Amino acid sequence: MFEQTYKDIEYVFVDDCTLDNSIGVLKDVLKNYPERNNVKIIRHDRNRGLAAARKTALLAATGDYVIHVDSDDWVSVDMVAKLVEQARKSNADLVDCNYYHTNNGSAVKSFKHYEGSTETYIKLMVSSTVLVDNRIWGRLMRRSLLIDNDIIHQEGVDYAEDFSVVPQILYFAKRAAVDDFLYYYRLDNTNSYTHSVSEKNLESLMKAHAMVYDFFRSKKDFHLYERDLAFGIENVFRTAVLNKKEPSILLKYLPGDYDNKIFRTYRRLLFSKCMAARFLGMTFYKFYKATRYRALFLFR
């Protein structure tokens, strides 16, 4: 990050009471880049989690745009320059790029930015399809859009913390992209949030879906996304079953006015103690979802 070809960068690092020497390493590395003098290192008074760290960083930033880079990933040296150039050229609120998944230092899979309409992008995202990603990292975002619309991570929602805010950002943002591979996302960090689906993580996942549901529920065009939001919420129950957890533990985190009428049969099957009934419910959900969203993705 310190070798970026773009010079006017404000760096904000959040020490969430890490138990390793990563901050010490950071300070040692920083000595090799005396020209990078706009650096903030903020320490939490206790370990508050990933969402709180992202929130702290956003509120401490002062630049026109922000970009999240996770501590275990790496980026091309010209990433910021290319994203900023596109932002200036297009006056976009969000500038995306292509990225790689990496394992043991090598790229193992490539991903292109999504080029379809924003409405379709949101529908594919909130319904929890695997056809698009909901990452917050590697995207240049106008800071004022986030602050003015109160799109800020909720402390405690650490699993799916990116999902909790990205659909909201897309709803307001003018989008653009750079058709280059600029970000490298590590898969081999087994300590990352995305590698573990515990009961706590399932609760966080449902809270994230509830946040997104409540956001769209307040909009005049809620009807455009209502069914897609329901697909996403019901998928959390399915995820619980797949991870050998009781789906009923998540009911208390549902939005207050959520209506699952189109999924009543599915829910009844999934909440059954009979494994055959649960399997039937998950098969019904998978078929229904594939039928709806494959066509939506292809004809975007």
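Start at 1 with the first residue, then count along the sequence. We use all heavy atoms of the structure for the numbers below, so side chains are in, but hydrogens, waters and symmetry mates are not. Since the model is a prediction, treat every value here as computed from it, not as a measurement.
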Which residues pass the salt bridge (Lys or Arg N to Asp or Glu O under 4.0 Å) test with Lys252, sequence neighbours left out? none
Report yes if the side chains of Val197 and Leu202 come closer than 4.5 Å at any heavy-atom pair, otherwise no. yes
Can you run down the salt bridge (charged side-chain N to carboxylate O under 4.0 Å, His left out) pairs that involve residues 234-244, sequence neighbours left out, and say none if there aren't any? Glu234-Arg267
Once side chain to side chain contact (heavy atoms under 4.5 Å, CB included) is applied, do any residues pair with Asp259, and if so which ones, sequence neighbours excluded? Lys261, Arg264
For Asn260 and Ile233, what are the C-alpha separation, side-chain angles and deciding distance, and is it a side-chain contact (heavy atoms from CB on, under 4.5 Å)? CA-CA 9 Å; Asn260 74 322; Ile233 287 173; over 6 Å; no
Which pairs with one or both residues in residues 115-156 pass ring-ring contact (aromatic ring centres under 6.0 Å, His included), sequence neighbours excluded? Tyr99-Trp137, Tyr114-Tyr121, Trp137-Tyr183, Trp137-Tyr185
Could you give me the CA-CA distance, side-chain angles and deciding distance for Gln4 and Val75, then say whether side-chain contact (heavy atoms from CB on, under 4.5 Å) is met? CA-CA 9 Å; Gln4 289 293 304; Val75 301; 3.4 Å; yes
Starting from the C-alpha separation in whole Å, work towards a yes-or-no answer on side-chain contact (heavy atoms from CB on, under 4.5 Å) for Asn134 and Val132. CA-CA 7 Å; Asn134 54 45; Val132 299; over 6 Å; no
Side chain to side chain contact (heavy atoms under 4.5 Å, CB included) involving Ala277 - partner list, sequence neighbours excluded: Leu269, Ser272, Cys274
CZ of Phe2: more than 12 outside heavy atoms within 6.0 angstrom? yes
Hydrophobic cluster (4.5 angstrom, side-chain heavy atoms) - remaining members for Val12: Ile42
What are the two closest non-hydrogen atoms of Pro247 and Arg278, and how far apart are they? CD-NH2, 3.9 Å
Should we say atom NZ of Lys109 is surrounded by more than 12 heavy atoms from elsewhere, each under 6.0 Å from it? no
Minimum-distance pair of heavy atoms, taken over all atoms of Pro167 and Val126: CB-CG1, 3.9 Å
For Ser110, give me all partners under side chain to side chain contact (heavy atoms under 4.5 Å, CB included), at least two apart in sequence or on another chain. Tyr100, Phe181
What distance separates Leu124 CG from Phe231 CZ, expressed to the nearest 0.5 Å? 12.0 Å
If I compare all heavy atoms of Ser128 with all of Gly232, which pair ends up nearest, and what's the gap? OG-CA, 3.8 Å
Do you know which two heavy atoms are closest between Thr118 and Leu170, and how far apart they sit? CG2-O, 3.4 Å
Does Arg217 reach the side chain of Tyr258, with side-chain heavy atoms less than 4.5 Å apart? no
Side-chain heavy atoms nearer than 4.5 Å, only ILVMFWY residues, links allowed to pass through others: does that put Leu30 and Tyr6 together? yes
Test of understanding: with salt bridge (Lys or Arg N to Asp or Glu O under 4.0 Å), list the residues that count as partners of Glu119, not counting sequence neighbours. Lys123
Any pair with a residue in residues 125-136 that passes salt bridge (charged side-chain N to carboxylate O under 4.0 Å, His left out), sequence neighbours left out, goes on the list, sorted by first then second residue, please. Asp96-Arg135, Asp133-Arg135, Asp133-Arg139
Salt bridge or not for Glu246 and Lys273, using N-O below 4.0 Å? yes
Of all heavy-atom pairs between Leu145 and Ala173, which one has the smallest distance, and what is that distance? CD1-CA, 3.9 Å
Keeping the roles fixed (side chain from Ser76, backbone from Asp78), state whether a donor-acceptor pair exists under 3.5 Å. no
Measuring only between side-chain heavy atoms, which start at C-beta, is Cys17 closer than 4.5 Å to Arg43? yes
Tell me whether the count of non-hydrogen atoms from other residues, nucleotides or ligands lying under 6.0 Å of NZ in Lys40 goes above 12. yes
Which Ile, Leu, Val, Met, Phe, Trp or Tyr residues join Phe287 in one cluster when any pair of side-chain heavy atoms under 4.5 Å counts as a link? none
Nearest heavy-atom neighbours spanning Tyr65 and Asp93: CE2-O, 4.2 Å
Phe237/Tyr266 under ring-ring contact (aromatic ring centres under 6.0 Å, His included): CA gap, chis, key distance, verdict: CA-CA 10 Å; Phe237 293 120; Tyr266 155 80; 7.9 Å; no
Has Asn243 got more than 12 heavy atoms of other residues, nucleotides or ligands less than 6.0 Å from its CG? yes
Ile151 and Phe172: side-chain contact (heavy atoms from CB on, under 4.5 Å), yes or no, with the steps? CA-CA 10 Å; Ile151 304 175; Phe172 292 113; 3.9 Å; yes
Taking only distance into account, with no hydrogens and no angle test, what donor-acceptor pairs under 3.5 Å do side-chain atoms of residues 204-216 form with protein atoms, sequence neighbours excluded?
from, atom 1, to, atom 2, distance (Å)
Ser204, OG, Asp158, N, 3.2
Ser204, OG, Tyr159, N, 3.0
Ser204, OG, Tyr159, O, 2.8

Counting heavy atoms not belonging to Arg88, are there more than 12 under 6.0 Å from its CZ? no
Ile9 vs Met1 side-chain heavy atoms within contact, under 4.5 Å: no
Shared hydrophobic cluster, Tyr288 / Leu280 (ILVMFWY, side-chain heavy atoms < 4.5 Å): no
Can you tell me if Lys112 has over 12 outside heavy atoms packed within less than 6.0 Å of its NZ? yes
For residues 50-63, run the donor-acceptor check on the side chains, cut-off 3.5 Å, and write out each pair with its distance to 0.1 Å, sequence neighbours left out.
from, atom 1, to, atom 2, distance (Å)
Arg54, NE, Glu161, OE2, 2.9
Arg54, NH1, His68, ND1, 3.2
Arg54, NH1, Asp70, OD1, 3.2
Arg54, NH2, Asp70, OD1, 2.9
Arg54, NH2, Asp70, OD2, 3.4
Arg54, NH2, Glu161, OE2, 3.2
Thr56, OG1, His44, NE2, 2.7
Thr56, OG1, Ala52, O, 3.0
Thr62, OG1, Glu10, OE1, 3.4
Thr62, OG1, Glu10, OE2, 2.9

